[in-house]
Amino acid sequence: MYGAEWNQAEDAAEANLALVAAELDRRWGAHRKVSMRVPLFRDQAGEPMPALFQSLCDLDCYGDLTIWGPTVTEGRWIAISVNQSDGDAPMIMTVVVSQLPIIELTD
């Protein structure tokens, strides 16, 4: 179990993610969520998956994705998430820009 300092850092990271998501919602409309649960299990089992999800797994970025797309101006898909590779690592915000749709993987 992690201590209060870790919980505070996680809460702060989630709050920052919510602020960014709210601003992007104003620009591009409501976001949707894409779970990283299936990519996590596929990664652990060594099963193939789309390159975007494999790249996130390779970087230990297993936080669920907040997605917009396709954007009106560029037709790109944007995703953000908050991640931490382990309890001693800092919280990081990950941003993905894709020309391909970002859709949730099925079991």
Which residues pass the side-chain contact (heavy atoms from CB on, under 4.5 Å) test with [X], not counting sequence neighbours?
X: Ser55; result: none
X: Glu47; result: Arg42, Ala45
X: Arg32; result: Val34, Ile67, Trp77, Ile103

Using a 4.5 Å side-chain heavy-atom cut-off and chaining through intermediate ILVMFWY residues, the residues clustered with Val72 come out as none
Output the rest of the hydrophobic cluster of Leu40: all Ile, Leu, Val, Met, Phe, Trp and Tyr residues reachable through side-chain heavy-atom contacts under 4.5 Å, sorted by chain and number.
Tyr62
Is there a side-chain contact between [X] and [Y] (heavy atoms, below 4.5 Å)?
X: Cys61; Y: Ile92; result: yes
X: Thr71; Y: Ile78; result: yes
X: Met49; Y: Leu105; result: yes

For Leu56 and Val96, what are the C-alpha separation, side-chain angles and deciding distance, and is it a side-chain contact (heavy atoms from CB on, under 4.5 Å)?
CA-CA 9 Å; Leu56 289 170; Val96 172; 4.0 Å; yes
According to side chain to side chain donor-acceptor pair (under 3.5 Å), who are the partners of Ser35, at least two apart in sequence or on a separate chain?
none
If hydrophobic clusters are built from ILVMFWY residues whose side chains come within less than 4.5 Å, do Val97 and Leu65 share one?
no
Residue Gln44 excluded, over 12 heavy atoms near CD under 6.0 Å:
yes
Test Ile102 against Trp68 for side-chain contact (heavy atoms from CB on, under 4.5 Å), laying out the working first.
CA-CA 9 Å; Ile102 302 172; Trp68 295 266; over 6 Å; no
Can you pull out every salt bridge (Lys or Arg N to Asp or Glu O under 4.0 Å) where at least one residue sits in residues 56-78? Sequence neighbours excluded, please.
none
Is there any salt bridge (Lys or Arg N to Asp or Glu O under 4.0 Å) pair reaching into residues 89-107, and which pairs are they, with sequence neighbours excluded?
Arg37-Asp107
Quick one: closest heavy-atom pair of Ser81 and Gly63, and the distance?
CB-O, 3.6 Å
Rounding to 0.5 Å, atoms CG (Asn83) and OG1 (Thr94) come to a distance of 4.0 Å
Within this structure, what is the NZ-NE2 distance for the pair Lys33 and His31, rounded to the nearest 0.5 Å?
5.0 Å
Expected list for residues 13-24: side-chain donor-acceptor pairs under 3.5 angstrom, two or more places apart:
residue	atom	partner	partner atom	Å
Asn16	ND2	Ala12	O	3.4
Glu23	OE1	Arg26	NE	3.4
Glu23	OE1	Arg26	NH2	3.2
Glu23	OE2	Arg27	NE	3.1

Verify side-chain contact (heavy atoms from CB on, under 4.5 Å) between Glu10 and Met91, making sure each step is shown before the conclusion.
CA-CA 7 Å; Glu10 183 178 39; Met91 299 295 288; 4.1 Å; yes
After noting the C-alpha distance and the side-chain angles of Met36 and Cys57, does the key distance pass the side-chain contact (heavy atoms from CB on, under 4.5 Å) rule?
CA-CA 9 Å; Met36 285 294 291; Cys57 291; 4.2 Å; yes
